[in-house]
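The model shown is predicted, which means the values in this text are computed figures rather than measured ones.
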Amino acid sequence: MKFISGVVLGVVLSAGTWTLMAQNERAMHPRIAAAITAIKDARAYMVAAPHDFGGHKAEAIRASDEAIRQLNFALAYRAREDRK
């Protein structure tokens, strides 16, 4: 039981550290953080829209997901480089 508790504690502490690093990178790069927020908002709007934006809805949602993924990769890269 102590081993499992130790593992759980380690995971929680690691996740906390990762979250703090992610927040720090977002604070250091506010334009990238704002872009992620704006793209997420636009994506949610497109998903909820009753129309298909002239046939571009599915591709726009896919491209939004990819853009968010790449921006998060950019922040993760900066976080790794800043820790060196």
Side-chain angles (χ1 to χ4, degrees):
M1 187 65 178
K2 286 184 179 181
F3 175 75
I4 293 172
S5 297
V7 169
V8 170
L9 179 61
V11 168
V12 169
L13 291 175
S14 295
T17 301
W18 179 258
T19 301
L20 287 175
M21 289 182 335
Q23 289 174 351
N24 186 42
E25 285 307 313
R26 283 175 170 71
M28 290 176 62
H29 305 286
R31 289 181 179 173
I32 295 174
I36 292 169
T37 300
I39 295 169
K40 284 181 177 180
D41 181 55
R43 184 193 184 285
Y45 176 80
M46 286 185 290
V47 167
H51 41 79
D52 72 350
F53 296 94
H56 299 283
K57 181 176 179 175
E59 180 59 21
I61 291 169
R62 190 206 59 74
S64 297
D65 290 341
E66 180 61 16
I68 292 166
R69 191 171 77 89
Q70 289 299 324
L71 289 168
N72 281 321
F73 284 157
L75 288 177
Y77 170 80
R78 262 315 342 140
R80 283 192 309 273
E81 290 299 308
D82 291 345
R83 283 194 312 265
K84 286 184 178 180

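- If you chain together hydrophobic residues whose side chains sit under 4.5 Å apart, Phe73 and Ile32 never meet in one group.
- Between Arg26 and Leu75 the shortest side-chain heavy-atom distance falls below 4.5 Å.
- Side-chain contact between Asp82 and Met28: present, with at least one pair of heavy atoms (C-beta onward) separated by less than 4.5 Å.
- To the nearest 0.5 Å, the span separating CG on Asp65 from NZ on Lys40 amounts to 10.5 Å.
- In this structure the side chain of Ile39 reaches within 4.5 angstrom of the side chain of Leu71, judged on heavy atoms.
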Between His56 and Asp52, is the side-chain contact (heavy atoms from CB on, under 4.5 Å) condition met? List the steps.
CA-CA 6 Å; His56 299 283; Asp52 72 350; over 6 Å; no

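- Defined by atom type and a distance below 3.5 Å, a donor-acceptor pair is missing between the side-chain atoms of Asn24 and Arg78.
- In terms of the side-chain hydrogen bond (donor to acceptor under 3.5 Å, both in side chains) criterion, Asp41 has no residue partners (sequence neighbours excluded).
- Around NZ of Lys57, the count of heavy atoms belonging to other residues, nucleotides or ligands within 6.0 Å exceeds 12.
- The shortest heavy-atom contact between Pro30 and Ala27 is CD-O, 3.6 Å.
- Put simply, CZ on Arg43 and CZ on Arg62 are 11.5 Å apart, with the number rounded to the nearest 0.5 Å.
- Annotation for Tyr77: atom OH does not count as buried by contact number, only 12 or fewer foreign heavy atoms lying within 6.0 Å.
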